[in-house]
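Just so we're clear, the structure is a prediction, and the values are computed from it rather than from any experiment.
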Amino acid sequence: MANSTSANLKLTVQATGENSGTWGQITNTNLLILEQAIGGFTTFNLTNANRSLTFTNGAVSNGKNDVIKLTGTLAGTRTVSIPDGIEKVYNVQNACDHAGNTLTFKTSSGTGVLLCEGNNYVLYSDGTNVVKLSEQRNWRAVSAAETVQAGAQLLVNTNGGAVTITLPASPSLGDEVSFVDQGYDFNSNALTIGRNGSNIANSASDLVVNTQGAGLELVYSGDATTGWTYTEK
């Protein structure tokens, strides 16, 4: 019986009686792959290109790492994809500057998770799609217009002038975005929350926030008439 390859980490499964003289080398490589999957760390820059993670048979390869840090300023819509059929958990740190673009972690042919700038994730692939297990949301200071993703927590500084933050397009039930007046300037230079095609609090209008020191959180209700509504105001 010949050697075979495991389905997910692509370890070499050695058949009885095979690999005379090379058994130890193959075993050591398998151990290095397991080390990579349990505690391996790698960084990918996504400035100019998408990233397809590799799972080479019987070898250490980049898709087998436990922790992945994503970096760079996105010059367009970006994806990080893993091969179909792989079942694996990932810890993902999204350290990219999205520059108004979206970033998705997915399988090659299936669906995935739209990552929010500055947040950290535990994701898993079930072999067909990538699913979010948990998300660590981190506050981020902004002072210029941008379109954000679900999960954004923004300290908005309008000291230099009014700022417009545009909500995610095509939101899903339970998507949340939070805003705080970082410099206590909303009364002088307002924050405008762009609705991006969805209603906000039952209104087909952008939301203008001009109260000094204001803080609010919006959640998408799943109802098109209500649209985004307040969890905190």
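Within 6.0 Å of atom CZ in F41, more than 12 heavy atoms from other residues, nucleotides or ligands are found, so the atom counts as buried in its surroundings. When the shell of 6.0 Å around NZ of K106 is examined, it contains more than 12 heavy atoms from other residues, nucleotides or ligands. Around the CH2 atom of W23, the shell of radius 6.0 Å holds no more than 12 heavy atoms that belong to other residues, nucleotides or ligands.
You'll find the side chain of N120 stays beyond 4.5 Å of the side chain of N94, heavy atoms only. The side-chain heavy atoms of E217 and Y230, taken from C-beta on, include no pair separated by under 4.5 Å. A heavy-atom distance below 4.5 Å is not found between the side chains of T231 and L218. Side-chain atoms of W228 and V177, non-hydrogen and from C-beta on, do get closer than 4.5 Å to each other. With a 4.5 Å cut-off on side-chain heavy atoms, I86 and F55 count as touching.
Of the charged side-chain nitrogens involved, at least one lies within less than 4.0 Å of a carboxylate oxygen, so that R140 and E146 count as a salt-bridged pair.
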Test side-chain hydrogen bond (donor to acceptor under 3.5 Å, both in side chains) applied to N45 and T47, step by step:
CA-CA 6 Å; N45 187 291; T47 296; 2.8 Å; yes
Ring pair (Phe, Tyr, Trp, His ring centres under 6.0 Å) between Y90 and F105, intermediate numbers included:
CA-CA 10 Å; Y90 285 100; F105 199 104; 5.4 Å; yes
Kindly determine whether V163 and N189 satisfy side-chain contact (heavy atoms from CB on, under 4.5 Å), including the steps that lead there.
CA-CA 8 Å; V163 172; N189 299 308; over 6 Å; no
Pair Q153-S178, side-chain hydrogen bond (donor to acceptor under 3.5 Å, both in side chains): steps then yes or no:
CA-CA 5 Å; Q153 296 189 155; S178 300; 4.5 Å; no
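Not a single ring-ring contact (aromatic ring centres under 6.0 Å, His included) links F186 to another residue, sequence neighbours left out.
Side-chain atoms of E135 and Y121 include a donor-acceptor pair closer than 3.5 Å.
Of the residues listed (N30, T27, N3), the one engaging Q14 in a side-chain hydrogen bond (donor to acceptor under 3.5 Å, both in side chains) is T27, and it is the only one.
Here N62 contributes atom CG and T54 contributes atom OG1; the two are 3.5 Å apart, rounded to the nearest 0.5 Å.
Scanning both residues, A2 and A15, for their nearest heavy atoms gives O-CB, 3.6 Å.
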